[in-house]
Amino acid sequence: MFEARLAQAQVLKKLLEAVKELIQEANFEVQAEGMSLQAMDGSHVSLVSLHLRSDGFEHFRCDRPFSMGMNLNNMDKMMKCAGKEDTLTMRAEDDGDTVAFLFEAGNQARVSEFELKLMDITSENLGIPDNEYAATVRMPSGEFQRIVKDLATIGDTVEIVVSKEGIKFSANGDIGSANVLCRHSTGGKEEEQMVIDMVEPVSLTFSLRYLTSFTKATPLAPSVTIMLSRELPVVVEYKVADLGWVRYYLAPKIEEDEDMDA
Amino acid sequence: MFEARLAQAQVLKKLLEAVKELIQEANFEVQAEGMSLQAMDGSHVSLVSLHLRSDGFEHFRCDRPFSMGMNLNNMDKMMKCAGKEDTLTMRAEDDGDTVAFLFEAGNQARVSEFELKLMDITSENLGIPDNEYAATVRMPSGEFQRIVKDLATIGDTVEIVVSKEGIKFSANGDIGSANVLCRHSTGGKEEEQMVIDMVEPVSLTFSLRYLTSFTKATPLAPSVTIMLSRELPVVVEYKVADLGWVRYYLAPKIEEDEDMDA
Amino acid sequence: MFEARLAQAQVLKKLLEAVKELIQEANFEVQAEGMSLQAMDGSHVSLVSLHLRSDGFEHFRCDRPFSMGMNLNNMDKMMKCAGKEDTLTMRAEDDGDTVAFLFEAGNQARVSEFELKLMDITSENLGIPDNEYAATVRMPSGEFQRIVKDLATIGDTVEIVVSKEGIKFSANGDIGSANVLCRHSTGGKEEEQMVIDMVEPVSLTFSLRYLTSFTKATPLAPSVTIMLSRELPVVVEYKVADLGWVRYYLAPKIEEDEDMDA
């Protein structure tokens, strides 16, 4: 049997909104350590990985490892029914074909139970190696979302350059060009800081369409961490307070790609 | 001559928004006792009835009973022009073919007058018998709206069961199922209470599409009262403070209906 | 070289939103006195004129008069990237084919530079004679916007009548008619005043479609000034605090026009 209780149903709702644009169906893997999901987007270009630690839940019981295949749009319909202050309890039998979501208001006057049909999804668990990165940038998640959105109005790809000057985002298009430079700045609150940790300068180009999808995770965390290295996929990580993280991976564009896009 | 003055034009605007999804054209009947409207929706499945007492108006004069046929969408276009704080005066000559809506701001710096063309609408006034109901439930109108909206994402019909446990709303669909249980709870403010008055348990099934239309009346009142009996149409009533009410009637689905829908 | 700096990038953004519905491409003329634009809308019915004085800028340098042809939709895409508190610096070389917009946040942690391609636009500078007007009305810009919007739900044209009674806006349509009367009222804050300065009564009819476009300037100024004379285009003026103004001109409809529209 699997049973897990979150003090805030909204956290799972936001996690779902952060991934459902990229992934339509996925297996949630549950085991004693927690709950995780890993999947490539429909066009096999980007990878989403999320992990929620069992100790971040109010209550977590998983008798044996278990895979729950869900249609994320259907799951989202149910998660949208969670009230702002509701707690969430997930529950599934070991051999059942449904998972139940229980939303409870603080005063217990209302109890809503949704049962979602599970589905069989074949998935390959991709090993993601632990890499060292040439540059790691932590910045306000809203700022990153803003920059990606702005540049997407100018062009299709963004060149990200990390140098001593800071991190620079550039795009070109028919109507002109755009450059946004963010400088290292560690004053103020932690979530307003722009912390650039550079081993060596790096310059990479990415599709703005995928980065735009990644920024759907913005409501989950005040900061985002971007890890860059030549010839490695960029990692865009949002930490979920006291619970875990969601990470997105996207391979850089190489010049041939750009020509093909043109 | 008919002339009636409401301190808040917004009340009539909200009433109109509460009924215009179901009814496109209707006769407003005015007489010394007040103003009323009764009509079936376009597909003759549900019935809307509203009544505004003359003593709830700042001023009400009706020389003789009078029927004003209006296109509710056109009336709504004019009501949308009422300012938030405007008063409303309605005025019609006994044999005229228009009704005038006067909106006045508190400071009288602006006076807007809209004249709507009346139309001939044949209508049958349906006698609605006063019934005793097996169960009467008063609950926060926003909560009822929420439940109806949530269940409509899961299925087409809702089973409403009133028992000692409380009132339970259930829906089934392709993606799974949903159950929302609200327990009797009389603490707190009156408008937050869930008051279940049950003579005998009752279990009935209704179309969620029509209930969804009924909940357009939510802005009119903090509470909604739901009256249920076996083989009788459900009554969903919203009281308009100091003025009157709007009531919706919908026959329960019987099993044959459900099969036909499937 | 041309370089000009505005403390609030949002002002230029709002100006653009105020004109881009009417004008798709236009020349911004820069010279020592300031920056101006004048253009007829696509159907050559209305005229837009805007002027920003050089002394309203934090910094303004223009070595020689210069015309910058811009696609306003593309310019708007870039202006939308300005943060709420950003300053704006515009910069162009005398013989360059681009103009740069620099947005800087107060803390200078982020600098965004957008380069827009300039284009050659043939434009005729129309002399606008200084006229005396029979009636000049200053009213809250939000009130004017509201009236125009309300009347546009009833009819296609508005008759504006200025008399001793006040200023009256009237429209007719299939569903009925509307009259809005605003009386001279000079109490309260300056921006809430309705100041009617009438030399002689005037009654003119205008297309509501164009007036609706003019009210896109509402966010620029709390008041709007409307200048009316028989057989002259109406002038609708919004002042931009400490910087300049935007003015719209629209010829009145004559009876033949109305017949043709009917």
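Worth knowing before you read on, the calculation uses all heavy atoms, side chains too, and leaves out hydrogens, waters and symmetry mates. Computed from a predicted structure; not experimentally measured. Per chain, numbering begins at 1; letters A, B, ... match sequence-line order.
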**Request:** Flag the pair A:M75 / B:I175 as yes when at least one side-chain heavy-atom distance between them is below 4.5 Å, and no otherwise.
**Result:** no
All inter-chain donor-acceptor pairs under 3.5 Å (chain B, chain A):
unit_1: B:E143; atom_1: OE2; unit_2: A:R110; atom_2: NE; d: 2.8
unit_1: B:R146; atom_1: NH2; unit_2: A:C81; atom_2: O; d: 2.9
unit_1: B:R146; atom_1: NH2; unit_2: A:A82; atom_2: O; d: 3.0
unit_1: B:D174; atom_1: O; unit_2: A:K117; atom_2: NZ; d: 3.2
unit_1: B:I175; atom_1: O; unit_2: A:K117; atom_2: N; d: 3.1
unit_1: B:S177; atom_1: N; unit_2: A:E115; atom_2: O; d: 2.9
unit_1: B:S177; atom_1: O; unit_2: A:E115; atom_2: N; d: 2.8
unit_1: B:N179; atom_1: N; unit_2: A:E113; atom_2: O; d: 2.8
unit_1: B:N179; atom_1: O; unit_2: A:E113; atom_2: N; d: 2.7
unit_1: B:L181; atom_1: N; unit_2: A:V111; atom_2: O; d: 2.8
unit_1: B:L181; atom_1: O; unit_2: A:V111; atom_2: N; d: 2.9
unit_1: B:R183; atom_1: N; unit_2: A:A109; atom_2: O; d: 2.9
unit_1: B:R183; atom_1: NH1; unit_2: A:Q108; atom_2: O; d: 2.7

**Asked** Mind checking what makes ring pair (Phe, Tyr, Trp, His ring centres under 6.0 Å) contact with B:Y133, not counting sequence neighbours?
**Response** none
**Prompt:** Which distance, rounded to the nearest 0.5 Å, do you find between the SG of A:C81 and the CD1 of B:I154?
**Reply:** 5.5 Å
**Message:** Please list all pairs meeting ring pair (Phe, Tyr, Trp, His ring centres under 6.0 Å) that have one or both residues in residues 73-98 of chain A, counting only residues at least two apart or in different chains.
**Reply:** none
**Message:** Between A:V111, A:L102, A:L116, who has the most heavy-atom pairs with chain B when the cutoff is under 4.5 Å?
**Reply:** A:V111
**Request:** Could you list the residues that satisfy ring pair (Phe, Tyr, Trp, His ring centres under 6.0 Å) with A:F103, not counting sequence neighbours?
**Result:** A:F114
